[in-house]
Asker: 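My structure is below; once you've seen it, I'll send some questions.
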Amino acid sequence: MPELPEVETVRRCLEPRVVGRTIVALDVFDSTVSRQGEAQLRAALLGRRVAGTRRRGKWLVFDLVQVLMIVHLRMTGRLVWKPHEGERGREPRFAVGFDDGSRLHFFDVRRFGRLWAIPAGEEAAFFADLGAEPLEEAFTVQRLRDAMAGRRAPLKAFLTDQRRLAGVGNIYADEALFRARLHPLRAAGSVGPREAARLHAAIVETLRLGIEHEGSSVESFVDPAGSRGRFQEILNVYQRTGQPCRVCGTPIRRVVVGGRGTHFCPCCQPRRAARLRTVASRVREGAPPAPSRRGR
DNA sequence: AGTGGCTCCTGGCGGC
DNA sequence: TGCCGCCAGGAGCCAC
């Protein structure tokens, strides 16, 4: 499932290949890939030069100066770079041809991926509902705390909600929560300042590590040049149900949160806050519980 | 408003 | 061996 690190990996692979090239062909083989028709997409894209590539959350943006070509890979979308024409096997959903004869093919077995061509001036409206970009400086601990404040939604659902945070999906949410030692079912609004700082660091570290490893190839992810990612080799919890936690050896558990498979270590990610657990263990040891700071 | 649930889509897999 | 049904999940939509 392409998330922020996978989309960034795709972007980095494509950037040197497409920047400076002019789009001379667009073929739509599956009309459901875009709400816009082939004629409209062609009118918007043909003859335009690629000035740069960007990423916003899990959305890949090709900057064509006055127009933006935007691609979302969703579940199984794959952009495949072909130096020259010619493609074997399954038909792509769309293909873009460049002025030097090279082509970019979009393959997508589950057909959830989408393509847009919008005027550059509509970018703000297009991404209006998208939350903080986690690898930008503006994403601070305070910003995360503000976003979590008062929310009853479980942390797992909060992290994968693109309106709150852009780019985190199932894999990196589970991995970030493990790093932060936070239980996926904890309400986002119940997270204290220290825990929020830990979660912030965990989100940033996990995503950076994902990019460093060129993404996770847990299903079929490969970059446009055909390279697999390596992050799946260092996953701590995702799809490791029943296997021992790499930290404490406890079997990894799987629960469903918001309809999504969620993996965590029940020992490293306790449901209750650490302070409460300390009180519980004091009771178990026969010592009187520490007096509450609030006196109640 | 915030939250949870359903839908789309198809290859892969477990069970019988 | 073959077939059936379930599972995976990003985002959009809908209901409460």
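Throughout, protein chains are lettered first and strands after them, A, B, ... in sequence-line order, and every chain is numbered starting at 1.
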Asker: So which nucleotide from dT3(B), dT10(B), dG10(C) ends up closest to the side chain of Glu3(A)?
Answerer: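 The answer is dG10(C).
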Asker: With rounding to the nearest 0.5 angstrom, report the CD to OG distance, Gln36(A) to Ser31(A).
Answerer: 13.0 Å
Asker: Show me the pairs that pass salt bridge (charged side-chain N to carboxylate O under 4.0 Å, His left out) and involve residues 117-127 of chain A, at least two apart or across chains.
Answerer: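 Found Arg54(A)-Glu123(A).
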Asker: Both Gln162(A) and Val256(A) contact DNA chain C. Taking the nearest nucleotide for each, which residue is further toward the 5' end?
Answerer: Val256(A)
Asker: Choosing from dG11(B), dG10(C), dG2(B), which nucleotide comes nearest the side chain of Val109(A)?
Answerer: dG11(B)
Asker: Tell me whether the side-chain N/O atoms of His72(A) come closer than 4.0 Å to OP1 or OP2 in dA11(C).
Answerer: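 Yes, because at least one side-chain N or O of His72(A) sits under 4.0 Å from OP1 or OP2 of dA11(C).
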Asker: Name the residue closer to the 5' end of DNA chain B, choosing between Gly259(A) and Arg164(A) according to the nucleotide with the nearest heavy atom.
Answerer: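 Between the two, 5'-proximity favours Arg164(A).
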Asker: Taking any heavy-atom pair under 4.0 Å as a contact, classify Phe127(A): base, sugar-phosphate, or nothing.
Answerer: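 Phe127(A): no heavy atom of the nucleic acid under 4.0 Å.
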Asker: Would you indicate what Arg114(A) reaches in the nucleic acid, counting non-hydrogen atoms under 4.0 angstrom: base, sugar-phosphate, or nothing?
Answerer: nothing
Asker: Between the protein and nucleotides 12-16 of chain C, list the N/O to N/O atom pairs that are separated by less than 3.5 angstrom.
Answerer:
{"unit_1": "dC13(C)", "atom_1": "OP1", "unit_2": "Arg35(A)", "atom_2": "NH2", "d": "3.3"}

Asker: Regarding Glu212(A) and Arg208(A), does a basic nitrogen lie under 4.0 Å from an acidic carboxylate oxygen?
Answerer: no
Asker: Is the distance from the ring center of Tyr172(A) to that of Phe231(A) below 6.0 Å?
Answerer: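 Centroid distance Tyr172(A)-Phe231(A): below 6.0 Å, so yes.
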Asker: Take atom CE of Met148(A) and atom C1' of dG2(B), then tell me their distance rounded to the nearest Å.
Answerer: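 Taking CE of Met148(A) and C1' of dG2(B), I get 17 Å after rounding.
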Asker: Could you tell me how the ring of Trp81(A) sits relative to the ring of Phe98(A): parallel (under 30°), tilted (30 to 60°) or perpendicular (over 60°)?
Answerer: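 Tilted.
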Asker: Once you round it to whole Å, what is the distance between P of dC9(B) and CZ of Phe106(A)?
Answerer: 14 Å
Asker: So that I can tick it off, tell me whether Glu6(A) and Lys58(A) are bridged by a salt bridge, with the cut-off set at under 4.0 angstrom between side-chain N and carboxylate O.
Answerer: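 Answer for the salt bridge query: no.
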Asker: Charged N to carboxylate O under 4.0 angstrom, Asp27(A) versus Arg103(A)?
Answerer: yes
Asker: Please determine, for the side chain of Arg111(A), which listed nucleotide (dG10(C), dC9(B), dG2(B)) has the closest atom?
Answerer: dC9(B)
Asker: From dC9(B), dA11(C), dT3(B), pick the nucleotide closest to the side chain of Arg152(A)?
Answerer: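 So the side chain of Arg152(A) is nearest to dT3(B).
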